[in-house]
Amino acid sequence: RSQRFKKLVQTVTYAPHFLSIVVVVGMMLVFLSPRSGFINQLIQMFGMEPVHFMMEPSYFRHIYVFSGIWQNAGWAAIIYFAVLSSVDPSLHEAAIVDGAGKLQRIWYIDLPAIIPTATVMLIMRSGRIMNLGFEKAFLMQNSINIETSEIISTYVYKVGLQQMQYSFSTAVNLFNSACNCILLVIVNTVARRLGDNSLW
């Protein structure tokens, strides 16, 4: 049973990263469907009315963030598992001999081992913090949740290609890229001053 559960968890967490954004959004629409979605079925089991998640502007940000975590958690876990596998087992053996518990070994051995990798990944992600992802936001967007689902990428697409304001959309996109570059430099500088880990 433990092996089956392990494989199930691995499939649920790893698979979304290797699927197309279109497929992931389609799965989300099925899961959140007010008629056949299993989430609304669970809600109805507790005697509550089904929720139209994709039609409620207030739910868009939460759905976007949690779906992003679901999509990327497995890939991030692979990276961190690879880092933890390089930790010298003798450190854990020595800690056990000294009477260290599991939480103490995580705090004093495992966490210091993954901090450099986590710092580099944070710096790289900070350089894309303004690029939320055009495809996913555009596919989740509809006329009802437009007030919260409109992001810079979808705005540039609509202004540039649909309204043919090429110069304005180029300026907006350039401003977006400049903000990403500035954030990347700031986070890298802070990381270099707080510790020894940085991209340059």
Side-chain angles (χ1 to χ4, degrees), residues 1-21 23-25 27-28 31-32 39 59-137 140 148 151-153 173 175-200:
R1 291 182 179 180
S2 60
Q3 288 296 325
R4 290 182 180 178
F5 180 74
K6 181 179 179 181
K7 290 181 179 179
L8 175 64
V9 172
Q10 288 176 339
T11 302
V12 170
T13 55
Y14 294 166
H17 181 79
F18 300 99
L19 296 176
S20 169
I21 294 292
V23 176
V24 172
V25 174
M27 293 171 64
M28 289 165 48
F31 294 159
L32 299 174
I39 294 180
Y59 288 120
F60 179 84
R61 295 186 181 94
H62 305 290
I63 296 172
Y64 191 96
V65 171
F66 284 115
S67 62
I69 294 172
W70 171 54
Q71 190 176 2
N72 297 309
W75 180 251
I78 292 174
I79 296 175
Y80 289 120
F81 283 147
V83 174
L84 290 175
S85 65
S86 65
V87 176
D88 190 354
S90 63
L91 294 175
H92 284 281
E93 294 172 0
I96 293 173
V97 171
D98 290 339
K102 187 171 292 185
L103 290 177
Q104 290 176 315
R105 283 185 284 137
I106 291 173
W107 183 260
Y108 293 107
I109 299 175
D110 292 334
L111 281 180
I114 66 175
I115 281 177
T117 303
T119 303
V120 172
M121 291 183 68
L122 174 64
I123 295 171
M124 294 176 66
R125 294 292 293 181
S126 67
R128 295 184 294 169
I129 198 169
M130 298 285 288
N131 295 334
L132 294 177
F134 166 77
E135 299 89 352
K136 185 175 171 184
M140 293 174 61
T148 55
I151 60 174
I152 295 178
S153 300
N173 204 30
F175 174 76
N176 186 30
S177 300
C179 290
N180 282 330
C181 184
I182 293 171
L183 287 171
L184 177 63
V185 173
I186 291 174
V187 174
N188 186 79
T189 303
V190 173
R192 188 174 65 247
R193 291 184 178 181
L194 294 179
D196 299 327
N197 305 301
S198 62
L199 290 179
W200 66 85

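Since the model is a prediction, treat every value here as computed from it, not as a measurement.
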For Tyr80 and Asp110, what are the C-alpha separation, side-chain angles and deciding distance, and is it a side chain to side chain contact (heavy atoms under 4.5 Å, CB included)?
-> CA-CA 10 Å; Tyr80 289 120; Asp110 292 334; over 6 Å; no
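- Between Phe175 and Ile152 the shortest side-chain heavy-atom distance does not fall below 4.5 Å.
- Annotation: Tyr14, atom OH; neighbour count of heavy atoms from other residues, nucleotides and ligands within 6.0 Å is above 12.
- Counting only heavy atoms from C-beta outward, the side chains of Val187 and Arg125 never approach each other to under 4.5 Å.
- In this structure, OG1 on Thr13 lies 9.0 Å from CG on Leu8, to the nearest 0.5 angstrom.
- For the atom pair CG (Leu111) and CG (Leu84), the distance works out to 9.0 Å, reported to the nearest 0.5 Å.
- Distance CD/Gln104 to CH2/Trp107: 12.0 Å, rounded to 0.5 Å.
- When all heavy atoms of Ile151 and Ala137 are compared, the closest pair comes out as CD1-CB, 3.5 Å.
- Put simply, SG on Cys179 and CG on Leu184 are 12.5 Å apart, with the number rounded to the nearest 0.5 Å.
- In this structure, Val87 and Ala113 approach most closely via the heavy-atom pair CG2-CB, 3.6 Å.
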Verify side chain to side chain contact (heavy atoms under 4.5 Å, CB included) between Val25 and Glu135, making sure each step is shown before the conclusion.
-> CA-CA 9 Å; Val25 174; Glu135 299 89 352; over 6 Å; no
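- Heavy-atom contacts from other residues, nucleotides or ligands closer than 6.0 Å to CD1 of Ile129 number 12 or fewer.
- The closest donor-acceptor contact from the side chain of Asp88 to the backbone of Ser90 lies under 3.5 Å.
- Between Ile106 and Pro112, the closest heavy-atom pair is O-CD, 4.4 Å.
- The shortest non-hydrogen separation linking Lys136 to Ser67 is NZ-OG, 2.6 Å.
- Summarising the local packing, CG of Leu103 is surrounded by 12 or fewer heavy atoms from other residues, nucleotides or ligands at distances under 6.0 Å.
- In the displayed structure, Phe18 atom CZ is contacted under 6.0 Å by more than 12 heavy atoms of other residues, nucleotides or ligands.
- Atom OG of Ser86 sits about 11.0 Å away from atom CD1 of Ile114, to the nearest 0.5 Å.
- Across all their heavy atoms, Ile109 and Leu91 have their closest contact at CD1-O, 3.5 Å.
- When all heavy atoms of Met28 and Ile63 are compared, the pair lying nearest together is CE-CG2, 3.5 Å.
- Other residues, nucleotides and ligands place more than 12 heavy atoms under 6.0 Å from the CE atom of Met121.
- Under the 3.5 Å distance criterion, the side-chain polar atoms of Asn72 are matched with a main-chain donor or acceptor of Gly68.
- Rounding to the nearest 0.5 Å gives a distance of 12.0 Å between CZ of Phe134 and CD1 of Ile21.
- In this pair, Trp75 and His17 present their aromatic rings parallel. The plane angle is below 30°, not in the 30 to 60° band.
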